[in-house]
Every structure is written in C-alpha cells, then in structure tokens.
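I have placed the structure first, in the form of structure tokens, so that the comments after it can refer back to it.
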Amino acid sequence: MTIAPARHNGERGQAAWSDAQLLYALEEVVEKELNRHLKVAKDWMPHEYVPWSDGRNFPGELDGEAWAPEQSKVTDIGRIALVVNLLTEDNLPSYHHEIATLFGRDGAWGTWVHRWTAEEGRHGIVMRDYLLTSRAVDPDELERFRMVHMSEGFESDNSHSMLHSVAYVAFQELATRISHRNTGHHSGDPVCDRMLARIATDENLHMVFYRNLLGAAFEMAPDQTMCAVRDVVTGFRMPGHGMPGFERSAARMAIGGIYNMRIHHDDVLQPVLRFLKVLEIGGLGPAGLAAQEELGLFMDGLDSQARKFDERQAAILARRQARANA
C-alpha cells in the first residue's frame with residue numbers, strides 16, 4: 001500500500017494528514033494496542049450473570065404471567081437507566097457498520113473492529129437476559145422501544161472523520177463505563193450490580209485502547225488531533241440520544257446520579273484530557289493553539305455549569321427528602 005506524504009499546511013512545519021494516511025500510520029499502534037488488549041481482556045460467559053431460576057413465562061404463546069412493576073427488584077432510576085443502556089447497546093449493527101467503514105476490515109484495524117463488536121455483543125445479550133428473567137422492565141415496552149430505535153439506525157456526529165471518531169470513542173467508552181457502573185450502584189439489586197461491573201470492565205479496556213490511539217495521533221498530527229478533540233468535547237452527545245424519550249430519561253438519570261454534567265466533567269472528560277496532557281501540549285501551530293485555548297475555556301465553563309447543576313440537584317433531592325419525611 002502506497003501512501004502519499006502528508007500535505008503541508010503551513011503551520012510551523014506541520015502537515016495535514018488524510019484519513020487514509022492516518023489509518024496507515026496508526027496501524028502499528030493499533031496492532032500493539034490490540035495485542036495488549038487481548039492479553040488483559042478476560043472471556044466471560046453472559047449466562048453466568050443471569051438469575052435464570054427467577055424466570056417465568058410471559059403472556060402470549062406460553063400463557064404466562066403478565067409483567068407488573070412490583071415484580072422488579074430494581075429501583076425506578078435503575079430501571080430507567082437499564083433501558084437506556086440496553087437500547088444503546090442494541091444499535092450495535094449500526095456501530096459496527098460505521099467503524100468498519102471508517103477503520104476498514106483488514107489488518108490490525110479490521111481485527112480490532114470485529115473483536116470490539118464481539119465483546120460489545122455480550123453486553124446486550126446479558127443485559128436483555130437479566131432484564132427479562134428478573135422482570136426488571138416491561139418486556140413489551142422494551143421491545144417496542146428497540147424496534148423504534150433500531151429502525152432509525154444510527155449515524156455518529158463524527159462519521160465524517162476517522163480522527164474525530166477516534167477522539168469521540170476515547171471519551172464515549174469511558175462515559176459508557178461510568179453510566180453502567182453508576183446504574184449498578186443505584187439499581188438496588190446485587191445481581192444487577194455484579195453484571196454491570198463486569199460490563200464496565202470491558203468498557204474501560206475499550207477506552208484505554210482508544211485513548212492510547214488518540215495519544216499516538218497527537219504525536220503524529222498534533223494540530224489536527226487537537227482540533228478533533230476540541231470539536232468532540234464541545235459537541236459531545238451520547239450515542240443513545242435518538243432513542244424514544246431519551247431527553248426525559250437523561251434528565252432523570254442526571255438527578256438520580258447516574259450520569260450528569262458533574263460526572264461528565266469530572267469522571268469522563270477530565271481523566272482523558274489529563275492522562276494525555278492535552279492542555280499542556282506544546283509546539284502547536286495557530287489552528288492547534290486556538291483549539292487548545294477554546295478547549296480550556298470550554299472546560300472552565302462546563303465546570304461552572306456543573307457547579308450550578310450540583311446546587312439544583314441538591315435542592316431537588318432535599319425537597320424530595322422533606323416530602324418523604326412529612
């Protein structure tokens with residue numbers, strides 16, 4: 001494969017890279033990270049995390065028992081978050097198509113794409129089996145939501161650029177890990193907590209893969225990578241934003257401590273930016289410097305917004321507690 005030299009862009013000697021050039025240049029890093037991932041990732045069996053003995057038939061062909069909310073061991077906020085998390089996982093075919101199109105199906109890139117898809121597939125399997133077996137959610141409503149969400153498909157905000165996509169998933173995988181982990185903590189069911197902890201471990205390994213890849217991109221194309229990170233951070237949306245009722249569910253998850261502005265700032269954006277020392281990178285051209293400055297200002301503004309959210313959340317929770325004690 002012959003790759004043309006990177007195009008000079010006049011920014012302190014830096015050069016602009018095409019997606020094809022970056023894919024080729026990062027192949028060796030992908031192979032290294034893939035080998036590291038395969039050494040540390042542990043295979044696990046989804047069926048081992050499902051309380052099968054709690055299961056019973058639903059109405060329909062097998063004339064079972066209708067679902068009712070009181071059958072669930074999971075808290076209300078846990079049930080909301082579980083549905084959002086599972087519907088997000090359900091769009092795996094669209095995610096696979098997108099990253100396979102961007103990253104390719106050959107070499108180390110292709111091996112990673114298929115491995116990532118296989119690992120993510122486990123998450124949807126175990127979550128659905130748990131939810132139905134434990135009667136944590138209304139199965140009819142869950143299936144209707146799945147049909148609507150998957151029928152609309154998914155297109156990332158960053159599908160126009162391989163570099164933007166790498167930057168996005170570095171943050172998104174960590175966001176998913178945090179959302180799963182907090183859902184488990186707030187679920188009220190130790191079985192659910194263990195299952196989501198297992199899923200969160202996978203998501204963390206996926207984050208490390210993409211974070212390290214993003215670090216290599218900073219070394220090769222610092223200005224372009226800084227601009228991509230700026231664009232992704234300032235316009236970040238979770239992949240489930242198109243599902244039915246997402247805004248209302250997201251608001252309830254925010255107040256419930258599953259995922260909110262403070263968590264996004266402190267536990268998702270900051271750890272990746274700090275690990276890669278993004279705001280400390282030197283030697284940037286004008287475009288990279290402008291992006292770095294904008295990113296710093298955005299993070300400061302987000303922190304201020306998160307403080308206001310913290311105050312509103314505390315007031316809401318205090319009112320709820322007062323009503324409960326009345």
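Quantities reported herein were computed from a predicted structural model and do not represent experimental measurements.
- Shortest non-hydrogen contact noted between Asp267 and Leu174 is O-CD2, 3.4 Å.
- Residues Val229 and Ile281 share a single hydrophobic cluster, defined by chaining ILVMFWY side chains whose heavy atoms lie under 4.5 Å apart.
- The cluster map of Ile, Leu, Val, Met, Phe, Trp and Tyr, joined by side-chain heavy atoms under 4.5 Å apart, puts Met207 and Leu38 in the same cluster.
- Leu214 and Leu205 are not part of a single hydrophobic cluster, where members link through side-chain heavy atoms under 4.5 Å apart.
- Residues forming a ring pair (Phe, Tyr, Trp, His ring centres under 6.0 Å) with Phe218 (at least two apart in sequence, or on another chain): none.
- Of the possible polar contacts, one joining the Asp19 side chain to the Met162 backbone as a donor-acceptor pair under 3.5 Å is found.
- Side-chain N/O atoms of Glu119 and His37 include a donor and acceptor closer than 3.5 Å.
- Two residues are said to be in side-chain contact when any heavy atoms from C-beta on lie closer than 4.5 Å; Glu65 and Asn57 fail this criterion.
- With 3.5 Å as the limit, one finds a donor-acceptor pair spanning the side chains of Thr183 and Asn85.
- Interatomic distance, Arg36 CZ to Lys39 NZ, rounded to the nearest 0.5 Å: 10.5 Å.
- Note that the CZ atom of Arg198 and the CE atom of Met45 stand 10.5 Å from one another [nearest 0.5 Å].
- The two atoms that bring Tyr130 and Cys192 nearest to each other are OH-CB, 3.3 Å, heavy atoms only.
- Judged by distance alone, the side chains of Asp231 and Tyr168 never bring a donor and an acceptor atom under 3.5 Å apart.
- Remark: His114 pairs with His96 by the ring pair (Phe, Tyr, Trp, His ring centres under 6.0 Å) rule, at least two apart or across chains.
- Residue Pro190 comes nearest to Gly188 through the heavy atom pair CD-O, 4.0 Å, listed as atom of the first residue, atom of the second, then distance.
- Interatomic distance, CD of Gln172 versus CZ of Arg237, reported as 13.0 Å (0.5 Å rounding).
- Residue Ile125 belongs to no hydrophobic cluster, having no ILVMFWY side-chain heavy atom closer than 4.5 Å to its own.
- No more than 12 heavy atoms of other residues, nucleotides or ligands shown are found within 6.0 angstrom of CD on Glu28.
- Phe275 and Ile178 fall within a single hydrophobic cluster, where Ile, Leu, Val, Met, Phe, Trp and Tyr side chains are chained together by heavy-atom contacts under 4.5 Å.
- Every residue was checked against the ring pair (Phe, Tyr, Trp, His ring centres under 6.0 Å) condition with His123, not counting sequence neighbours, and none meets it.
- The number of heavy atoms from other shown groups lying within 6.0 Å of CG (Asp63) does not exceed 12.
- Glu143 is listed as a side-chain neighbour of Met147, based on a closest heavy-atom distance under 4.5 Å.
- A cation-pi geometry, defined here as NZ or CZ lying under 6.0 Å from the six-membered ring centre and within 45° of its normal, does not hold between Arg211 and Phe171.
- Ion pairing between Asp90 and Arg128 holds under the 4.0 Å rule for side-chain N and carboxylate O.
- Residue Thr176 holds its OG1 atom at 7.0 Å from CD of Glu89, rounded to the nearest 0.5 Å.
- With a 4.5 Å cut-off on side-chain heavy atoms, Glu173 and Val208 do not count as touching.
- Here the closest non-hydrogen pair linking Ala167 and Val232 is CB-CG2, 3.9 Å.
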Enumerate, atom names and distances included, each donor-acceptor pair closer than 3.5 Å involving a side-chain atom of residues 103-113, sequence neighbours excluded.
unit_1	atom_1	unit_2	atom_2	d
Trp109	NE1	Leu23	O	2.9
Thr111	OG1	Gly107	O	3.1
Trp112	NE1	Tyr210	OH	2.9

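- When side chains are defined from C-beta on, Met226 does not count as touching Asp223, because their heavy atoms never get closer than 4.5 Å.
- For Asp129, there are no salt bridge (Lys or Arg N to Asp or Glu O under 4.0 Å) partners two or more places apart in sequence or in a different chain.
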(request) Evaluate the criterion side-chain contact (heavy atoms from CB on, under 4.5 Å) for residue pair Arg194 and Val191; output intermediate values, then yes/no. (result) CA-CA 5 Å; Arg194 286 195 298 271; Val191 175; 3.5 Å; yes
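- A ring-centre distance under 6.0 Å is found for Trp44 and Tyr49.
- With Asn91 contributing its side chain and Ser94 its backbone, the two residues share no donor-acceptor pair below 3.5 Å.
- Leu82 pairs in a side chain to side chain contact (heavy atoms under 4.5 Å, CB included) with only one of the listed residues (Leu196, Ile258, Leu87), which is Leu196.
- In this structure the side chain of Gln305 never reaches within 4.5 angstrom of the side chain of His265, judged on heavy atoms.
- Residues satisfying the salt bridge (Lys or Arg N to Asp or Glu O under 4.0 Å) criterion with Asp43, sequence neighbours excluded, are Arg115, Arg122.
- Cluster membership check: Ile99 does not share its hydrophobic cluster with Met150, using side-chain heavy-atom separations under 4.5 Å among Ile, Leu, Val, Met, Phe, Trp and Tyr.
- The shortest distance between side-chain heavy atoms of Phe209 and Leu213 falls below 4.5 Å.
- Arg135 places a side-chain heavy atom less than 4.5 Å from the side chain of Arg56.
- Annotation for Leu26 and Ala216: closest pair CD2-CB, 3.9 Å, computed over non-hydrogen atoms.
- Between Asp54 and Lys73 a salt bridge is recorded (basic side-chain N to carboxylate O distance below 4.0 Å).
- Checked by atom type and distance alone, the side chain of His186 pairs as donor or acceptor with a backbone atom of Asn182 at under 3.5 Å.
- With values rounded to the nearest 0.5 angstrom, Leu142 atom CG is found 9.5 Å from Met127 atom CE.
- Shown here is Glu31, whose CD atom has no more than 12 heavy atoms of other residues, nucleotides or ligands within 6.0 Å.
- Partners of His264 by ring pair (Phe, Tyr, Trp, His ring centres under 6.0 Å), not counting sequence neighbours, listed by chain and number: Phe236, Tyr259.
- Evaluation of the side chain to side chain contact (heavy atoms under 4.5 Å, CB included) rule for Arg323 yields Arg319, Arg320 as partners, not counting sequence neighbours.
- Among residues two or more places apart in sequence or in another chain, the side chain to side chain contact (heavy atoms under 4.5 Å, CB included) test is passed with Leu102 by Glu98, Ser165.
- Between the Thr225 side chain and the Ala217 main chain, a donor and an acceptor come within less than 3.5 Å of each other.
- No donor-acceptor pair closer than 3.5 Å links the side chain of Glu203 to the backbone N or O of Ala175.
- The pair Glu311-Lys308 fails the salt-bridge criterion, with no side-chain N (NZ, NE, NH1 or NH2) lying under 4.0 Å from an Asp/Glu carboxylate O.
- Put simply, the side chain of Arg79 reaches to within 4.5 Å of the side chain of Ser72, judged on heavy atoms.
- Asp303 is linked by a salt bridge (Lys or Arg N to Asp or Glu O under 4.0 Å) to Arg262, Arg307, counting only residues two or more places apart in sequence or in another chain.
- With rounding to the nearest 0.5 angstrom, the CD1 atom of Ile199 is 10.5 Å from the OG atom of Ser179.
- Under 4.0 Å is where a charged nitrogen must lie from a carboxylate oxygen, and between Asp202 and Arg177 no such pair does.
- What you find for Asn260 and Ala254 is that their closest heavy atoms are ND2-O, 3.0 Å.
- Take Ala250 and apply the side chain to side chain contact (heavy atoms under 4.5 Å, CB included) test, not counting sequence neighbours, and it matches Phe246.
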